[in-house]
Structure formats: structure tokens, C-alpha cells
Amino acid sequence: MSFSRRRRSRLLLSSALVLTGALAITACSASNPSDPSSSTDGGDKKPLVISLDSSVDILDPQQYRSRAAMVTTASLVEQLIEQKYDTVDGTQVGTDEFENALAESYEYSDDRTVLTITLKDDLTFTDGSPLTADDVVWSMVRGLEGPGYIKVLYPMVGLTSADQFVALDEKTVQITAEFATPLLDKMLAMQPFGILSKTSGDEHKSDDDPWAAEWFRENDNSSGPYTVTAYDPTTSITLAPNPNYYDPDRIANAGITIQFVSDPAQRALLLQSGEIDLAQGLPLDQVKELESVDGLHVVSEESHLLQYMGFNVNTAPFDDPEVRRAVATALPYDTFVSDVMYGYARTASGVVPEGMVTHDDAINNFEQDLAAAQKILDDAGVEPFSTTLSFKQSSAVESRAAVFIQSALKEIGITVDVRPLPDAEFTQRANARELPMFLNSFLGWGNDPFYVMSGLLGTGSGNNFGDYGNATLDELLQTGFQTDDAADRDDISSQAQHIIFDEMPIIPVWNPNWTFVVRDGVTGLTKDNTEQLRLQYLAKQ
């Protein structure tokens with residue numbers, strides 16, 4: 001099997017950023033794009049119009065929602081702490097350091113299991129009601145016990161019961177975790193852990209809806225930099241600066257309108273005509289063409305989003321690890337990057353990708369070798385067979401990749417029926433563990449390797465669509481969550497990566513870049529640990 005040690009990446013207008021170092025709440029060791037005057041030449045703040053790769057379906061940051069909704073909800077809630085950023089050729093890229101946001105101070109006990117947070121003075125929501133420790137506790141408990149999907153994150157940081165969140169007084173919150181972990185800082189800086197209004201929740205709850213899920217789905221009482229001034233789920237959403245935001249200087253523009261344009265080609269035309277300032281989700285061949293258009297530029301940063309091929313490991317022939325390894329050895333990784341992603345991606349580098357902390361470069365790099373793939377099958381006594389490869393009908397890149405996969409596997413005696421499925425059917429069948437072989441993508445928020453491995457391959461995980469299970473791996477991942485020492489985390493993660501590599505329950509095929517096409521004069525693109533665009537830092541000259 002030919003898996004070589006290689007480092008390859010392609011960035012436009014950027015360079016690779018390796019995120020390292022201990023987690024800390026610090027004052028000045030990394031930059032934060034909080035001064036809009038630096039990106040507007042001292043001029044007045046201007047509104048922007050943008051179009052992303054989906055519409056905004058839900059405004060509740062704790063419920064599962066579209067990617068454009070994730071960008072929006074990150075602007076409607078503020079967290080206790082804020083991620084810090086490093087500048088990479090004009091783009092702000094999140095680091096593993098944090099600073100206070102709603103928190104005035106943020107202190108751990110000596111064993112790092114008790115966290116005491118003191119809020120800033122005079123915090124309010126958009127409606128002018130005070131933001132207190134009760135709102136913080138209510139928001140955290142809602143995430144743990146309420147209607148959203150984020151409850152699966154809490155056990156990763158040792159939070160399993162409501163009594164672990166206590167309001168000591170109006171300004172002070174105490175969080176007691178079952179173990180120390182650096183992932184807690186990362187999670188508290190993520191938007192699903194932003195602070196919601198308990199008063200709004202109480203006003204709009206019912207016996208059937210004790211957490212006011214229906215109200216928060218379509219309404220906001222913002223603690224974040226923006227508030228919603230207009231919202232039509234079919235056309236657009238308009239966000240205006242929140243007049244009660246604790247740090248108005250952090251908002252570099254006069255507001256954002258997100259237009260919902262389902263046709264990517266139309267999105268590109270609107271960008272070229274100047275009707276929108278920034279676009280995401282354009283066909284990558286068009287992005288390549290737009291690189292040379294006057295007045296536009298492409299921002300393309302490395303991402304930890306993982307595109308992968310999965311197997312149902314309980315269904316023959318994919319219950320045999322040698323078959324999975326043969327498939328992995330046959331795939332045309334360079335072709336995926338050049339001909340499917342037009343260079344806006346990195347070749348596969350493992351479930352824990354290159355650039356993520358604890359990535360083990362001694363394994364995890366992938367290279368096509370058809371002769372070696374055929375030998376694996378021959379040595380295992382596997383006869384030629386047929387199978388299906390499913391993917392989302394809406395994904396142009398998965399559709400294109402499937403053709404190359406079909407061709408490559410034919411060379412080693414595997415006949416592949418390429419099967420695009422409507423997105424809803426794909427999701428339903430993936431959740432039912434019915435797909436023998438499939439293409440999908442996954443992003444582990446927080447840039448944490450144990451989150452990624454557990455989310456994709458932990459026994460019983462909701463995203464473990466191949467139904468893989470390995471007790472030794474599960475134990476390693478749980479130990480990793482509970483380990484604070486960087487060297488120990490490296491060792492534990494390496495052991496876990498070796499298990500995954502040897503058993504190959506999924507095949508990492510590429511890491512797509514974080515890519516936008518932007519009109520000249522638009523600055524402040526900011527990518528946080530959830531790889532969402534942070535709207536408050538966008539500015540336009």
C-alpha cells in the first residue's frame with residue numbers, strides 16, 4: 001500500500017497557518033480585528049450586501065440550521081469569551097487563544113475543573129433588559145436539556161447535569177466540570193454557547209415548548225453585535241448593529257443584508273454587477289474564472305472541513321478492512337484537488353488533518369497506487385464485486401468526484417453504481433445506516449482532534465453513518481477529552497489516528513478550502529474555529 005509522507009497545500013492570497021500553543025485567556029499575544037477604522041481608512045461605516053451558499057432557515061443558535069443561518073446566529077448572540085485571530089495576508093484566522101467578551105474576568109481553579117466567570121457591568125439585550133448570570137445559566141442549561149442538538153457536546157467537556165451551572169450572584173457564574181480539558185474554552189467561545197435572554201424564553205414558553213424553541217426559531221433578542229430588522233425566509237435577512245452591544249467599535253460596518261440566491265450562476269452575476277459585495281458557494285470553475293475579473297478577488301484559506309468516503313462496515317464486502325484499504329489505495333487524490341476542486345482544496349491528510357493540533361504526519365497521507373490496491377484484494381481473496389456510491393444530489397463536487405471514483409475502482413474489479421440522492425433522502429438513509437458506500441463532509445467545530453474523531457467514528461455517534469465501533473478507540477478518545485497536557489494529547493491522538501488508519505472505516509479524500517469571491521474594497525474576512533464568516537468584522541471602503 002503506497003501511502004507517502006507528503007505535505008501539499010494550495011492557498012490563494014494566503015499562507016498555511018498551523019494552530020499551536022496552549023489555550024489561554026490573554027490580552028495581547030494575538031490580534032483581534034476590533035478596530036474598524038483600520039479597514040475603512042477612517043471613513044464612515046458602510047452597509048454590505050452578501051450572498052452565501054444557502055438561505056437562513058432558523059435563528060436559534062442551539063438548533064440545527066443551514067450554514068448561512070450559522071453565520072447569522074453567530075451575529076445574534078455573544079459568548080462569554082471571544083476567540084483571538086492572527087492576520088494571514090489580510091484574512092483574520094482564529095487561533096487557540098481567547099479574550100474576554102461578555103466576561104470581565106474568567107478564572108479556573110488550580111485543577112481547572114471549576115471555572116468562575118464575572119460578567120461586565122451594565123450588559124443588556126437589544127430590548128434593554130439586563131443580561132445577568134441567570135441568563136448565562138439558563139442558556140447553558142437550555143443547551144444541555146433543551147430542544148437543540150448541542151447537548152451532544154456537553155459530555156465532551158464533563159458537563160452532564162444542570163446543577164453544574166450556578167449563578168453565585170447577578171454578575172457571577174460558576175461552572176464545575178467533571179474533568180479538566182482545553183476543549184471547554186473552545187466550546188464557550190462557539191456561537192451555540194452564546195447567551196440568550198431568559199426573560200424572552202419565559203415570556204414565550206408553553207407547556208409543550210418549555211424552552212421557547214418556536215419563538216427563538218424566528219425571533220431574536222440579541223446579545224450579539226446585530227439584531228434582525230427584516231427577515232423573509234424566502235428572500236433575505238437584514239441585520240443592523242445592535243444599539244445595546246457591549247462593544248460597538250467592534251462592528252466595522254453599518255449593517256449586513258444576506259440575499260438568498262439559490263442559483264450560484266446568478267450569485268456570480270450579481271457579484272460582477274456590483275449588486276452584492278461578497279459571495280460564497282460559487283461553482284469552483286467560475287471562481288477560477290473570476291480570479292481574473294477586474295474589481296474582484298478570491299480569498300481562499302485552508303480549512304479543516306473534511307470531505308470523506310464512508311462505508312457501512314457491517315455489510316459485506318466492506319466489513320473487511322482489507323477491502324476498505326484497497327479502495328483507499330485506488331482513489332485519485334491529486335485528481336480530486338485539480339479536476340474536482342480546481343485547486344481550492346488540499347489532498348487528503350487524515351481524519352485529523354494537517355494543520356490541526358496533534359496531526360500525526362507519520363501516517364495519514366494518501367496516494368493512488370492501483371497495482372498495490374489490486375494486490376490487497378488478491379491477497380485477501382476478494383473477487384470482483386459491485387456496489388453503489390451515494391451522495392447528495394445538490395453537491396456538484398461530490399457528483400464530479402463520483403465519476404472519478406467509479407473509473408478508478410473499475411480498474412481493480414469493483415463496479416460502482418453512482419447514485420445521487422435528493423438531500424432529504426440521503427440524510428434519511430445515512431441516518432438509517434443504509435448506504436454501503438457514500439460521500440459526505442464533516443467539520444469538527446473548535447479545531448479539536450478528539451471532537452473530530454469522536455464525532456465521525458465514536459461508537460453510536462450521530463455522524464457515524466457507517467456504524468463503525470471500536471471500544472479501544474472510544475476509550476482513547478474519552479481519555480483525550482479528559483487530558484489537558486499537550487504532549488499527552490499528542491500521544492493519545494496519534495494512537496487513535498493509527499487505529500483509524502489501519503481499519504479505514506472512512507477515507508479522507510480532500511479538505512476543501514474556505515473560499516469567497518469578494519469585491520475590491522471589502523476587507524475584514526474573519527474565519528473562527530467553527531469556520532464561519534464573522535460579519536461584524538467586514539468593512540467596505
Side-chain angles (χ1 to χ4, degrees), residues 18-24 96 98 108-115 143-144 149-161 164 175-190 192-193 304 306 308 313 321 349-364 442-506 508 529-530:
V18 179
L19 302 178
T20 59
L23 296 173
D96 280 347
F98 304 89
Y108 278 104
S109 61
D110 289 343
D111 65 359
R112 290 185 59 83
T113 62
V114 179
L115 177 60
L144 179 66
Y149 71 103
I150 66 165
K151 55 177 63 70
V152 301
L153 305 180
Y154 282 72
M156 296 181 184
V157 292
L159 299 173
T160 56
S161 66
Q164 292 173 272
I175 299 175
T176 303
E178 295 168 0
F179 50 80
T181 173
L183 185 55
L184 179 57
D185 287 351
K186 293 180 177 182
M187 285 194 180
L188 291 178
M190 294 179 192
F193 293 85
H304 291 146
L306 173 66
Y308 68 95
V313 300
S349 58
V351 174
V352 176
E354 185 178 13
M356 181 177 286
V357 291
T358 80
H359 168 78
D360 189 339
D361 197 44
I363 57 173
N364 285 338
F442 179 82
L443 175 65
W445 280 12
N447 188 31
D448 186 86
F450 298 103
Y451 182 0
V452 172
M453 290 186 281
S454 178
L456 269 175
L457 296 169
T459 301
S461 169
N463 292 296
N464 185 352
F465 299 127
D467 210 22
Y468 173 74
N470 183 306
T472 301
L473 177 65
D474 293 338
E475 184 177 351
L476 281 170
L477 297 180
Q478 188 59 38
T479 302
F481 283 130
Q482 299 182 29
T483 300
D484 209 21
D485 181 80
D488 289 343
R489 282 171 63 87
D490 280 345
D491 180 62
I492 296 164
S493 179
S494 177
Q495 293 179 56
Q497 290 172 66
H498 274 274
I499 291 173
I500 293 168
F501 184 81
D502 289 342
E503 298 202 350
M504 206 67 69
I506 65 171
N529 261 349
T530 66

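Residues: numbered from 1 along the sequence shown.
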Q: With a 4.5 Å cut-off on side-chain heavy atoms, are E178 and Q482 touching?
A: no
Q: Should I506 and F465 be marked as a side-chain contact (heavy atoms from CB on, under 4.5 Å) after you check the CA-CA gap, both sets of side-chain angles, and the distance that decides it?
A: CA-CA 10 Å; I506 65 171; F465 299 127; over 6 Å; no
Q: Which heavy-atom pair separates D448 from F450 by the least distance, and what is that distance?
A: OD2-N, 3.0 Å
Q: Only one of V351, I363, V352 clears side chain to side chain contact (heavy atoms under 4.5 Å, CB included) with I500; which?
A: V351
Q: Compare every heavy atom of V313 with every heavy atom of D467, then report the nearest pair and how far apart it is.
A: O-CG2, 3.8 Å
Q: Taking all non-hydrogen atoms of both residues, which atom of L476 and which atom of A496 are closest, and how far apart?
A: CD1-N, 3.9 Å
Q: Establish, from distance only, whether the side-chain atoms of D111 and S109 form a donor-acceptor pair under 3.5 Å.
A: yes
Q: I'd like to check W445 versus I150 (side-chain heavy atoms, cut-off strictly below 4.5 Å). Are they in contact?
A: no
Q: Quick check for you: to the nearest 0.5 Å, what is the distance between L473 atom CG and I499 atom CD1?
A: 5.5 Å
Q: With a 4.5 Å cut-off on side-chain heavy atoms, are D360 and H498 touching?
A: yes
Q: Looking at R489 and T483, what are the two nearest heavy atoms and their distance?
A: CD-O, 3.2 Å
Q: Once rounded to the nearest 0.5 Å, what's the spacing between atom CG of D361 and atom CD of Q497?
A: 10.0 Å
Q: Does N529 offer a backbone N or O that forms a donor-acceptor pair with the side chain of N447 under 3.5 Å?
A: no
Q: Do you see a donor-acceptor pair shorter than 3.5 Å between the side chains of D491 and Q495?
A: yes
Q: Nearest heavy-atom pair of S349 and E354: which atoms, and what distance?
A: OG-N, 3.0 Å
Q: Indicate the atoms forming the closest heavy-atom contact of Y308 with N463, along with that distance.
A: OH-O, 4.1 Å
Q: Within a strict 4.5 Å, meaning less than it, do heavy atoms of the D484 and P182 side chains meet?
A: yes
Q: Answer whether the closest heavy-atom distance between the side chains of L159 and L144 falls below 4.5 Å.
A: no
Q: Rounded to the nearest 0.5 Å, what separation is found between the CG atom of D490 and the CG atom of D485?
A: 9.0 Å
Q: Using a 4.5 Å cut-off on heavy atoms from C-beta on, say whether the side chain of K186 contacts that of F98.
A: yes
Q: Are S461 and L456 side-chain neighbours, meaning at least one heavy-atom pair lies under 4.5 Å?
A: no
Q: Please assess T181 against M187 for the test side-chain contact (heavy atoms from CB on, under 4.5 Å), listing each intermediate value before the final yes or no.
A: CA-CA 11 Å; T181 173; M187 285 194 180; over 6 Å; no
Q: How many angstroms lie between CD1 in I492 and CZ in F481, if you round to the nearest 0.5 Å?
A: 11.5 Å
Q: Once the angle between the rings of F442 and Y451 is folded into 0 to 90°, is it parallel (under 30°), tilted (30 to 60°) or perpendicular (over 60°)?
A: perpendicular
Q: CG/N464 to OG/S454 distance, rounded to the nearest 0.5 angstrom?
A: 9.5 Å
Q: Would the distance check show the side chain of Q164 and the main-chain N or O of T176 forming a donor-acceptor pair, the cut-off being under 3.5 Å?
A: yes
Q: Under the 3.5 angstrom rule, does the side chain of T479 hit a backbone N or O of E475 as a donor-acceptor pair?
A: yes
Q: Any side-chain heavy-atom pair from L115 and L188 closer than 4.5 angstrom?
A: yes
